[in-house]
Amino acid sequence: MAVSVDPIDGTAMKAQFPLLSREVHGKPIVYLDSAATSQKPLAVLDAMDDYYRTINSNVHRGVYMIAEEATNRMELARALVRDFIGARSSSEIIFTKNATEALNMVAQSWGRANLSAGDVVVLSHMEHHANIVPWHMLVAEIGIELRWIPLDNEGRLDLTDLDTLLNGAKVLSVTAMSNVLGTMNPVRTLTDAARKAGAISMIDGCQSVPHSATNVQELGADFLAFSGHKMCGPTGIGVLYGREDLLEAMPPFLGGGEMIRDVRLDGFTTNELPWKFEAGTPAIAEIIGLGAAVEWLNGVGMDNVRAHEIALTEYTISTLHERFGDRINIHGPSSPAERGGVFSFDFDGLHPHDISQVLDQHAVCVRAGHHCAKPLMKLLGIGATARASVYVYNDTTDIDALADALDATGAFFTL
Amino acid sequence: MAVSVDPIDGTAMKAQFPLLSREVHGKPIVYLDSAATSQKPLAVLDAMDDYYRTINSNVHRGVYMIAEEATNRMELARALVRDFIGARSSSEIIFTKNATEALNMVAQSWGRANLSAGDVVVLSHMEHHANIVPWHMLVAEIGIELRWIPLDNEGRLDLTDLDTLLNGAKVLSVTAMSNVLGTMNPVRTLTDAARKAGAISMIDGCQSVPHSATNVQELGADFLAFSGHKMCGPTGIGVLYGREDLLEAMPPFLGGGEMIRDVRLDGFTTNELPWKFEAGTPAIAEIIGLGAAVEWLNGVGMDNVRAHEIALTEYTISTLHERFGDRINIHGPSSPAERGGVFSFDFDGLHPHDISQVLDQHAVCVRAGHHCAKPLMKLLGIGATARASVYVYNDTTDIDALADALDATGAFFTL
Amino acid sequence: MPGLEDLYREIILDHYRNPRNRGELETPPALRVEGFNPLCGDEIVLYLDFDSNGGVADIRISGQGCSISQSSASMMSAAVKGKSVAEIDELTRAFKAMMSIHENTLEGAETAEPIDAPDVKLGDLEALRGVVKFPVRIKCATLAWNTLAQGIEEASA
Amino acid sequence: MPGLEDLYREIILDHYRNPRNRGELETPPALRVEGFNPLCGDEIVLYLDFDSNGGVADIRISGQGCSISQSSASMMSAAVKGKSVAEIDELTRAFKAMMSIHENTLEGAETAEPIDAPDVKLGDLEALRGVVKFPVRIKCATLAWNTLAQGIEEASA
Ligand SMILES: Cc1ncc(COP(=O)(O)O)c(C=O)c1O
Ligand SMILES: Cc1ncc(COP(=O)(O)O)c(C=O)c1O
């Protein structure tokens, strides 16, 4: 296999992430759980700290200098996010508390206003619970019907019957990349098919936006949801991108301050976009932190991030296969170009909890469980997997450490 | 007027808040907008920074050490909040993104499940939009009826007709303290009356929880909502306290990860409390930051906080009246024991925006506007007020600076 | 660091203390339009009498607001009274161009492009140029203009 | 810092590799109860045959889980088979007491009080004591017990 060129220097990169210099159980930490949440570069921590130390104040309503400055920095972050995903206007960037809230906002606000009994929503078998349960709630409330795009045997979407599934559908909501299998889905094909069928499309970008260049115009998506904490940003912040005309027509989600134009005893009118969907005091520090994360990622270059992860994916798959042969089974597509750096695996017939526990003793952090994708787990016929996932700060030494620790795990349980 | 004993030393206190040592327009900042958001002590910033630098990882699902540690610290923060408000169990503490979300959660989840056309919800004329608009949304959706507790001429709730208003009501939702008038409401009287009438009670504690000792058993409240950012905690975090049996019976609010027990293609079951209401990756750093804020406040002592604010309130009211006489009108109750340290005022017939703008040039930060309480503004017959508000780190020098700057403001506009 | 004198020019304070065209017009024939500044609660009410071509024959202003929003409304009323739709449109664009340098910055400085402004004399309104240095106040300055645009749209609809 | 040997005692690995009472019972007469660990997706299915007094006459276990949940289920099945409701209740409380030192810490160390544990021999189950040092795994260890409690409740309802 021709190994891709990796534009990123692992050592210099790691130095920017304070957590990566700590030790666990006396060994340097090997963080391989970025699909759950990423580590944060100093630039992001500093941006938030600086907000709290110099301009902390409530936004949008203060006439005094630090409140103006806070408002400016928050709205600048919105503009950074807008450009990061190629949205046309800042009105289309709505800050939420996480991607889950963004997905719920569409299901609940758009859904309640536009769906009725028998209407069809198309999902896929590889969705995260965050893109399943909100729709289940509408099944119970409204009586919509859910249809599921199946998977092929390498864990890719099987689009053979897509047009049939979309026939008469109102919504297509699918992840751009599986957080279990690593599969990167053909988003444009999906959104084109949805549009042809007269359905709106929502893309769960949680695993794709942090890892590759994103342009909502090219994706053709009506809605896109993602989380800050998986893209070098802080916890407590997510984004819903929505096409302006859809957002204009959509009823508000939460009621309160910021989202109103006028409130009387007998009713209220809503504020302009995007604030119509941002009730209450925003997550100001977190928005500013997300803006800093976007700037930081722009500095690295999203194409470099992707190239780095393709190279690391090649290395990971070949290393694990070389060292463990049939003892390991890595789920998902075999070609690195079709997948992101998420590796769910079965090893030696051991339970993922036990694998992860022993790996931890070697300071290797991987996730064990259903990864919030129980329907996919059931389809795969397993209860849980161990999952290692990489990001821009990982390098081949991390993969070597994982392999060494897996060796030790196998040994421990066959004693 | 006998001046109360103030247990808090202003200078030592200010030193703990990094922002308070900055200058604005060449003068030391005088921050008098804590009713909008409070400043943060170093202890809180350090707790969050420490999380990001040493244990940043996703909670509840990781078997590895730093994920366990993150989970422990997050759940410890929940226990701290539980004890801070005297809740019986951690199951009753739900983390939201702000108080607004907490109030919406009850209106939407409890409301949709329990209210139908014609059902009555009782609010008051001094509510914040966050405790009005969610109910307006149910008026539009379900056709509930809103009733409003009126105010007396000092800006206190007029409870003369409370029982009539509550007659047949399903919900009473009232603020514990007005963010405009400073009025502290007789919460226990209200919740007792609600219970007698067969209504549940929700208390908006945004302005009370940060400023005085809170015990939900003594308040007799079924629900209590408040925000972290007004109590020395970070942005992006709020709390809904709910009585366990009510929360058990209440349908979930957002669907996704964390809040489920099982998800299948054909449905889902919910997780235990409190996680049932916490969908998606929580605001982990913010929760830990809120925990640190609670610990910090406990260190100061909430009774000391309240005593300090009563003393400062006495000083503020008497200073402003002495210096400006009829030129100033301070809204709300005249007795410091009946009110918190929030001073909305009219001055010299000037518009609040203009006042605030000139004060800013003197580094004095006050808010100008409707304070998200437009129905109250209409009742007062004004469009906006200037509002100065104090917290534990303010002292008499801040009030003197405000008075000096007001002097200059009057002079500027009468030139 | 901009100072107060950049914001509160003498001419602004003059319009604030002595607002022009304050009052109401009978409706109908006049059109009544309300505008809100959602951030601070300022409300403006415009009364508009249109001529047969849709121009503004007469205008009155009521409502409440700060010195910036009140003086901007007062200056606007003097500037648009008796003007045709086309002239008002040009004035509005010129005024917004003067203001929106900063409105754009709010939306992300890095993409702000110069706005092409019609070559119109703004007269007294020039005094509001300093407002762009105080971004929060831009909405105060533009409130009357947005409300006027809304009124003209309603009248022509 | 607890080590792996605190968690994976030999007797635990033995029960994991050679689980006792694995299988199913015919339903009815047996009761089938399912338990989930929502955090990791582990599922356990218990089949319970009750005697005339509500005691557990026979028990089988299926489902999937990690070494801790599987061995805990295996040990539990051996410990409760043939026991009366009262005996099982006492065992359950003793086991939970052993575990809940840390369950309480999770809920806030500062209020944790010693739990009064019935004076019962836990036998093999004692080997699970080390789990309390690994808080995330406590739910693995208690899953079978919570599912059993649910089954007994259902049977008596
Ligand atoms: C009384 C009151 N209720 C509700 C809120 C809303 O809080 P938040 O904006 O943090 O959601 C506030 C503060 O703005 C308030 O003062
Ligand atoms: C594909 C996918 N969708 C949705 C989510 C939910 O994101 P969050 O928990 O930040 O709301 C995640 C991450 O957990 C994810 O990987």
Report which part of A/Arg22 has an atom under 4.5 Å of a heavy atom belonging to chain B: side chain, backbone, both, or neither.
side chain
Leading residue by heavy atom contact count with chain A [cutoff under 4.5 Å; candidates B/Pro352, B/Gly238, B/Gly236]
B/Gly236
Against chain A, label B/Asn56 side chain, backbone, both or neither, depending on which of its atoms sit under 4.5 Å from a heavy atom there.
both
Aromatic plane relationship, A/His136 with B/Phe268 - under 30° parallel, 30 to 60° tilted, over 60° perpendicular:
parallel
Under the side-chain hydrogen bond (donor to acceptor under 3.5 Å, both in side chains) rule, what do A/Glu127 and A/Ser124 come out as? Steps first, then yes or no, please.
CA-CA 6 Å; A/Glu127 296 312 311; A/Ser124 91; 2.6 Å; yes
I need the residue from A/His125, A/Lys378, A/His128 with the largest number of non-hydrogen atom pairs under 4.5 Å to chain B.
A/His125
Under a 4.5 Å heavy-atom cut-off, does chain B meet the side chain of A/Ile29, its backbone, both or neither?
side chain
Go through the atoms of B/Val44 and report whether side chain, backbone, both or neither lie under 4.5 Å from a heavy atom of chain A.
neither
Portion of A/Ile260 that has a non-hydrogen atom of chain B nearer than 4.5 angstrom:
side chain
With a 4.5 angstrom heavy-atom cut-off, which part of B/Asp266 approaches chain A: side chain, backbone, both or neither?
backbone
Give the member of A/Phe17, A/Tyr51, A/Trp135, A/Tyr31 that has the highest number of heavy-atom pairs under 4.5 Å with chain B.
A/Tyr31
With a 4.5 angstrom heavy-atom cut-off, could you sort out which part of B/Ser38 is near chain A: side chain, backbone, both or neither?
backbone
Where does A/Ala107 contact chain B at under 4.5 Å (heavy atoms): side chain, backbone, both or neither?
neither
Can you see which heavy atom on A/Ile355 is nearest to which on A/Thr409, and at what distance?
CA-CG2, 4.0 Å
Checking heavy atoms, do the side chain of A/Met259, its backbone, both or neither come under 4.5 Å from chain B?
side chain
In this structure, which one of B/Asp360, B/Leu402, B/Val30, B/Thr385 forms a side-chain contact (heavy atoms from CB on, under 4.5 Å) with B/Val366?
B/Leu402
Please work out whether the ring planes of A/Phe253 and B/Phe253 are parallel, tilted or perpendicular, with thresholds of 30° and 60°.
parallel
Decide side-chain hydrogen bond (donor to acceptor under 3.5 Å, both in side chains) for B/Thr235 and B/His229; before the verdict, give the C-alpha distance in whole Å, the side-chain angles of both, and the deciding distance to 0.1 Å.
CA-CA 5 Å; B/Thr235 54; B/His229 68 91; over 6 Å; no
Picking from B/His353, B/Glu141, B/Glu101, which has the most non-hydrogen pairs under 4.5 angstrom with chain A?
B/Glu101
Side chain from CB out, backbone as N, CA, C, O: work out which of these in B/Ile132 comes under 4.5 Å of a heavy atom of chain A, or both, or neither.
side chain
The interface call for A/Leu42 against chain B, heavy-atom contacts under 4.5 Å, is side chain
For A/Val139, which atoms come within 4.5 Å of any heavy atom of chain B: side chain, backbone, both, or neither?
neither
Which atoms of A/Met377 are under 4.5 Å from chain B, going by heavy atoms: the side chain, the backbone, both sets, or neither?
neither
Under the ring-ring contact (aromatic ring centres under 6.0 Å, His included) test, which residues partner A/Tyr391, sequence neighbours left out?
A/His211, A/Tyr393
Engaged part of A/Ser34 at the chain B interface, taking heavy atoms whose separation is under 4.5 Å:
neither
Contacting region of A/Asn58 [heavy-atom separation from chain B under 4.5 Å]
both
Do A/His362 and A/His25 have ring centres separated by under 6.0 Å?
no
From the list A/Ala279, A/Cys372, A/Gly369, A/Pro252, the residue making the most non-hydrogen contacts under 4.5 Å with chain B is A/Ala279
Please flag which part of B/Pro251 lies under 4.5 Å from any non-hydrogen atom of chain A: side chain, backbone, both or neither.
neither
